[in-house]
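To keep things clear, I will list the structure first and then write my remarks on it.
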There are 2 protein chains.
Amino acid sequence: MRVLLIEDDISLADGTVKALRRAGYAVDHAATGKEGRRYFEAGQLDILILDLGLPDIDGLVLLRELRQLQTGVPVLILTARDALTDKVSGLDAGADDYLTKPFAFEELLARIRVLSRRNTPAREPELKIGNVLINIASHEVQLDGEVQKLSRREFAILRALADRPGQVFSREQLEEKLYSWGDEVTSNTVDVHVHNLRKKLGHTLIKNIRGVGFILGSTE
Amino acid sequence: MRVLLIEDDISLADGTVKALRRAGYAVDHAATGKEGRRYFEAGQLDILILDLGLPDIDGLVLLRELRQLQTGVPVLILTARDALTDKVSGLDAGADDYLTKPFAFEELLARIRVLSRRNTPAREPELKIGNVLINIASHEVQLDGEVQKLSRREFAILRALADRPGQVFSREQLEEKLYSWGDEVTSNTVDVHVHNLRKKLGHTLIKNIRGVGFILGSTE
DNA sequence: TATTTTCCTTAAGTTTTTCTTAAATATGGC
DNA sequence: GCCATATTTAAGAAAAACTTAAGGAAAATA
């Protein structure tokens, strides 16, 4: 776990660095905004601790700059200023937490522990069959990069087939996926939807097994 | 954005609830730990604000219990106790932030804004989708550089969608972000607000996925 | 507090998209 | 060629989404 401390007050910085090292963090220290920016750009940071009262650059300005870089590094702001507006604008500039001097090392460490247990959210579930990419959430399907919108029924059929590529589904089985109990249908709806699906996704994807049903052709 | 406040001091709770609602949050309020736990288990929470000095359950104990549930809901602890050990153990028990009474509503709102960024992929205070720039803090939205004034509800919907661009939100999900418990709505409000949003921000930004819901479309 | 203004919710009307149906055409197996 | 099954087409019905307007609620202003 690598921490960068940007702080110009040497004695405070020394104490903080020591406390952090003792707690097991790898710590870099920069005394000016410029230097800090170099460290930030260079390194694999896990957490940034930033003093707002720097000699060369306004801390808030620096913070916004660093945020532009789009890294997701959590930032904890550290400052003597106790004014409410500073806190608020610091947080709104992209800081994740705020600590006013003087502070206890214990509390700093606790807040860093909070910041470091950040978890990254899971990605969108997507399904890929051959050259067809299915986005479950948006009901969108990409065929060789081209986006196609599917209707609800079309999507339901494709999804059923895609659940088990290579397995044949009878019309009755597919209808069961589409209609709730009591909603039965007495026409060739499934065929029509399959037809429309093929129009959108090409004629090789969904194959028909005569007398049996439909199958998602994974191979060939 | 849905917030649960667990706080037994009625007058403080009232003021806080009002301030939060005015800021566009859907707020539920519980006066006891037990009640709070029920709300917590029931709902689609985005943020929990928890007072440590509850009459029936020790706040820290409750916090640990709720953490067991493994929901990723950010927790902000609120308390009169100013002792360092309390802060530290609060944070280590799974809180994400800490505010000591008395506090300014402004700061509470700022910290909530930070927490609400937490579970979203883009943690920038400003979000850009196509030619639309969204500033969460100031409730300001720009279309091609031109500032558009959004109403509270419009902004709440846009923010919910913007939290996860590319994810579809059903009308029910959006309503949950807008209304507190007991405030439910039985009309097409969401549609109307979406319509007004599109009038202000153009018709390509918010896409509808028929039968599913709405989605913030970045491309096309 | 009273007044004005803005905003929110409803609900009904309109438009657009999708679904079902049924009939016409095509295809495969015998 | 004949029958059964599959595909295509088109049209009306149904469903979902969009639009509009009005009355009431909430917020802002005086």
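Owing to the predicted nature of the structure, the values given are computational and were not obtained by experimental measurement. Proteins get letters first, then strands, A, B, ... in listed order; numbering begins at 1 in each.
Residue contacts shown for B/R21 are absent, as no nucleic acid heavy atom lies under 4.0 Å away. Heavy atoms of B/L178 sit nowhere under 4.0 angstrom from any nucleic acid atom. Contacts of B/F214 with the nucleic acid, taken as non-hydrogen atoms under 4.0 Å apart, involve only primed sugar atoms and P, OP1 or OP2. Residue A/L150 is classed as having no contact, given no heavy-atom separation below 4.0 Å to the nucleic acid. Among the atoms of the strands shown, base atoms are found under 4.0 Å from some heavy atom of B/R210.
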List the atom pairs, donor and acceptor, that lie under 3.5 Å between side-chain atoms in residues 22-29 of chain B and the rest of the protein, sequence neighbours left out.
residue, atom, partner, partner atom, Å
B/D28, OD1, B/W181, N, 2.8
B/D28, OD2, B/R2, NE, 3.1
B/D28, OD2, B/R2, NH2, 3.4
B/H29, NE2, B/E7, O, 3.0

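The existence of a salt bridge linking B/D97 and B/R117 is excluded, since no basic side-chain nitrogen approaches an acidic carboxylate oxygen closer than 4.0 Å. Under the 4.0 Å criterion applied to side-chain N and carboxylate O atoms, B/K149 and B/E140 are not assigned as salt-bridge partners.
Along DNA chain C, the nucleotide nearest A/S151 and the nucleotide nearest B/Y179 are compared for position; the residue whose nucleotide lies closer to the 5' end is B/Y179. Where A/K149 and B/S187 each meet DNA chain C at their nearest nucleotide, the meeting point lying more 5' is that of B/S187. Between B/N208 and B/K199, the residue whose closest nucleotide on DNA chain D is further toward the 5' end is B/N208. Residue-to-nucleotide proximity on DNA chain D shows that, of A/R152 and B/V192, the 5′-proximal contact is made by A/R152.
B/D56 contributes no side-chain N or O that, together with a main-chain N or O of B/T32, makes up a donor-acceptor pair within less than 3.5 Å. B/D144 places no side-chain N or O within 3.5 Å of a backbone atom of B/E146 that could act as its donor or acceptor partner. A donor-acceptor pair is defined here as one N or O able to donate and one able to accept, closer than 3.5 Å; such a pair exists between the side chain of B/Q173 and the backbone of B/S170. A donor-acceptor pair under 3.5 Å is formed between the side chain of B/R152 and the backbone N or O of B/R21. In this structure, A/E107 contributes its side chain and A/A104 its backbone to no donor-acceptor pair below 3.5 Å.
Rounding to the nearest 0.5 angstrom, the gap separating the CG atom in B/L197 from the OG atom in B/S151 is 7.5 Å.
Taking 4.0 Å as the cutoff to heavy atoms of chain B, we find the contact window on DNA chain D bounded by D/dA15 to D/dA27. Once you apply a 4.0 Å limit to the heavy atoms of chain A, the touched nucleotides of DNA chain C run 5' to 3' over C/dT18 to C/dG28.
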